[in-house]
Amino acid sequence: MDAAAVRRKLGARLEELGVRDAALTRHLRGEDGRNSQDFADRVAFTEMDEVIEQLDDSARQEMLDIRYALERLASGDYGTCESCGETIPERRLEVVPHARLCVGCQD
């Protein structure tokens, strides 16, 4: 496993999530002009806010997980299951680069 490649992949995802989080936050605050819409549009936007807030929460959690994975990479613990101590298969880390647990422990 190439640590520099993992760091780049995690950094790119972190940046992508940061942009999305900022856009969702602007939307939820009404800074994207949605409040200037007609009443029916504002109602529709308000109804979608719960879903948007869940997406925002999910993105923020993933950002925390990625930051933690970067810390583990720096400390040399990246790729080790936090539960059983076994090596997390490289294929799993390719799919979920911020994985803390191997597949067995995740289940």
Side-chain angles (χ1 to χ4, degrees):
M1 172 174 28
D2 179 15
V6 171
R7 196 173 292 109
R8 281 191 304 274
K9 185 175 185 175
L10 289 169
R13 179 66 177 156
L14 190 59
E15 185 175 332
E16 176 185 323
L17 288 168
V19 169
R20 185 171 81 180
D21 180 56
L24 290 173
T25 299
R26 278 192 310 277
H27 176 76
L28 290 170
R29 290 181 181 163
E31 296 169 358
D32 60 357
R34 74 180 184 147
N35 292 333
S36 64
Q37 305 296 319
D38 67 21
F39 180 74
D41 287 341
R42 282 187 298 210
V43 169
F45 283 132
T46 302
E47 289 176 354
M48 290 185 287
D49 282 354
E50 186 174 327
V51 173
I52 291 171
E53 287 172 356
Q54 290 173 350
L55 289 171
D56 196 32
D57 290 346
S58 176
R60 288 181 183 179
Q61 182 58 55
E62 188 176 350
M63 290 168 71
L64 289 173
D65 291 343
I66 289 171
R67 288 186 185 106
Y68 184 67
L70 288 167
E71 289 175 14
R72 289 175 48 88
L73 190 63
S75 71
D77 294 325
Y78 182 80
T80 302
C81 177
E82 291 184 346
S83 181
C84 69
E86 294 294 320
T87 300
I88 299 172
E90 198 166 322
R91 183 74 180 133
R92 174 163 171 73
L93 291 172
E94 287 174 9
V95 176
V96 184
H98 56 275
R100 295 178 178 197
L101 303 172
C102 66
V103 174
C105 291
Q106 183 70 41
D107 290 338

Can you give the donor-acceptor pairs under 3.5 Å from side chains of residues 93-107 to other protein atoms, not counting sequence neighbours?
{"from": "Glu94", "atom 1": "OE1", "to": "Arg91", "atom 2": "NH1", "distance (Å)": "3.0"}
{"from": "Gln106", "atom 1": "OE1", "to": "Arg92", "atom 2": "NH2", "distance (Å)": "3.4"}

Side chains of Thr80 and Arg72 in contact at under 4.5 Å (non-hydrogen atoms): yes

Heavy-atom side-chain proximity of Tyr68 to Met63 below 4.5 angstrom: no

From Asp77 atom CG to Glu71 atom CD, the distance as rounded to the nearest 0.5 Å: 10.5 Å

Any Val6 side-chain heavy atom under 4.5 Å of Asp2 side chain: no

Glu15: side chain to side chain contact (heavy atoms under 4.5 Å, CB included) partners, not counting sequence neighbours: none

Asp65 side, atom CG; Arg67 side, atom CZ - distance, nearest 0.5 Å: 10.5 Å

Flag for Asp57-Gln61: side-chain donor and acceptor within less than 3.5 Å: no

Side-chain donor-acceptor pair present, Thr25, Arg60, cut-off under 3.5 Å: yes

Separation of Glu16 CD from Asp21 CG (nearest 0.5 Å): 12.5 Å

Side-chain touch Arg13/Glu62, heavy atoms, less than 4.5 angstrom: yes

Ala3: side chain to side chain contact (heavy atoms under 4.5 Å, CB included) partners, not counting sequence neighbours: Arg7, Leu73

CG-CG distance between Leu10 and Leu70, expressed to the nearest 0.5 angstrom: 5.0 Å

